[in-house]
Number of protein chains: 2
Amino acid sequence: MEDQERREQALEARALSREARAQAREMRTRAREQRELARERRIAEHVSRDKERRLTQPPLRARGLTRADIVDAAIAVADAEGTEAVTMRRIARELGVGAMSLYWHVASKDELQMLMLDAVQPAAPELSGDWRADLAAFARIARQGMLRHPWAIDYLISGPPVGPNDTRNTDQLLAALEGLSLDIKTAAWVGMTIATYVAGAVLREIQEIRWHKDAELTLAAMPPEEVEKLRRQWEENLNDPAKYPHMARLVTERVDPDSPETRDERFEFGLDVLLDGIAARFAR
Amino acid sequence: MEDQERREQALEARALSREARAQAREMRTRAREQRELARERRIAEHVSRDKERRLTQPPLRARGLTRADIVDAAIAVADAEGTEAVTMRRIARELGVGAMSLYWHVASKDELQMLMLDAVQPAAPELSGDWRADLAAFARIARQGMLRHPWAIDYLISGPPVGPNDTRNTDQLLAALEGLSLDIKTAAWVGMTIATYVAGAVLREIQEIRWHKDAELTLAAMPPEEVEKLRRQWEENLNDPAKYPHMARLVTERVDPDSPETRDERFEFGLDVLLDGIAARFAR
DNA sequence: ACTGCTATCGTACGGCGTACGGCAATAGTA
DNA sequence: TACTATTGCCGTACGCCGTACGATAGCAGT
């Protein structure tokens, strides 16, 4: 076990004193309250649209429940409130039916998640014939699709790797690669490499976004002098040239590699580098 | 909403008949049983090692519970049985203490997950000075670390993006990039691109592994003629040149892009392409 | 009038995270 | 030595979760 030592080293922090503990708990509670407030605000935005939909369509009970209804409702809940809010009971309430009624149409929550995931796969782009442009368009669309439904990444991990829409997109991706006239195996691998980069980028970005939002709320719940102290501490920690000689340069030159403003730019940067690599190796 | 039509199209499947439904349920139950059997077998493998550890160390109650004990136990459970098995009650049982005792040492399950994640970050490799070799070594170690603890990906999404070990590794990654003598921002972005590729690869691979295992168990629980029918159906579906003209080539040429045997090779392929891109753009 | 199928739902079970308050052991102080 | 405060641990309870099971009510075919 070579990481044994590192583990212990990472956990040397001792238990806090009782009052520090109580204070921390209070802060957490406050942060949670902030989060819930934000959630409610977010829901309020969605509510009008939902109500409209409810009014312009015939009442559900008249025309009967369908799989599509359930999936739509689940997606709406996930979009508005995130994965944790997606429960069978909640979806049923949203549709005005009993919780167990859903199980007539879907076998389990897992199956529902699969259906949700496949339902939000964006359509592949039109192909121009320029492999590089097409591949880039592919990557952008896939990324945008995932960022529009950030909850999807939570299900991506547990579900099966392909649904029908996913299959069609993969096929289109292979089509885009025809311009390079590779053998089919190499083409599949190149396509997979692009998809891999996109998946990683989306993963990182969603993680960033969530953490950013969370940190904001937590900070909002703290007294300003605490915030200032924390910021200073954080900066000093990173700026310690003995511990992190290279990270220090980032701080002193005021470069924030995780800045939200450069998110798109960073994605394009990596994508470009990757396409360069493909071109260098395969373009005739 | 441009994906509205696709969603409906993807969900046109009608409700199943009663007996098909019952049969499907039975199959699911059988598959679950298989899964549980496999889980128990897996646990049995781990149990001896754990017992040994339990015996060679002083009993916990004598020396008192620590954060590190809790994190270790949680990691052990996660390694043996996956994320779902990691519950506060279970960890406590594993340690021979009450469930609520854990909360003296960790603030919440979320904090525990963060600690687990940081604890299994592998150490960065020694640097050779050859940027390309160093970057590749980095990527390989990061990947291996995650594959050794496949549950980590589940927590990666929800947790904050950095812990102490992660910070140190990032610093080392920047160090490896010094050979290219880039400005710090570009270096950070290049490093991030590598990390992104690795994250995506790990995500895909773990997804693949899980699905593979799951499919195996499901198939094992089905009568052989059912299996054969399913396989034939699946192949015909993919082989339909009208629907998936390019996927068909994969089937006819007997290329399986998701084959477990080529997992390492595929990772190296993409990594190589990416490094080519970096070299093409930045190597002097 | 009777039968059987479709769709819906109420109840209940076991498990989850964790708030809260109590308790024993220990340490600090007079 | 006696008293007190702190630390570490834990039993109970609450409100969630997914979902098994069986009971309907409406409807179609005979």
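Quick note on labels: first sequence line is chain A, next is B, and so on, each numbered from 1.
At dG8(D), none of the side-chain N or O atoms of Ser101(B) fall inside 4.0 Å of OP1 or OP2 (strictly under the cut-off).
Rounded to whole Å, atom C1' of dG15(C) lies 15 Å from atom CD1 of Ile91(B). Whole-Å rounding puts the Asp110(A) CG to dC17(D) C1' distance at 14 Å. Rounded to an integer number of Å, the gap from NZ of Lys109(A) to P of dC16(D) is 15 Å. The distance between atom CD of Glu84(A) and atom C1' of dG15(D), rounded to the nearest whole Å, is 16 Å. At whole-Å resolution of the value, CG in Leu65(A) and P in dT8(C) are 5 Å apart. Note: CH2 (Trp104(B)) to C1' (dA19(C)) measures 15 Å, nearest angstrom. Regarding Tyr103(A), its OH atom lies at a distance of 11 Å from the P atom of dC17(D), rounded to whole Å. Across the protein-nucleic acid pair, Leu102(B) atom CG and dC10(D) atom P stand 9 Å apart, rounded to whole Å.
Each of dT19(D), dC9(C), dG17(C) was ranked by its minimum atom distance to the side chain of Arg89(A); first place goes to dT19(D). Side-chain proximity of Thr87(A) to dG17(C), dC17(D), dT19(D): nearest is dC17(D).
Using a 4.0 Å cut-off between charged side-chain N and carboxylate O, Glu228(B) and Arg232(B) make a salt bridge. Ion pairing between a basic and an acidic side chain is recognised when a charged N comes within 4.0 Å of a carboxylate O; Glu208(B) and Lys213(B) show no such pairing.
Without hydrogens or angle criteria, Glu94(A) side chain to Ala74(A) main chain gives no donor-acceptor distance under 3.5 Å.
Take the nearest nucleotide of DNA chain C for Ala99(A) and for Met100(B): the residue whose nucleotide is more 5' is Ala99(A).
In this structure the side chain of Val86(B) reaches within 4.5 angstrom of the side chain of Tyr155(B), judged on heavy atoms.
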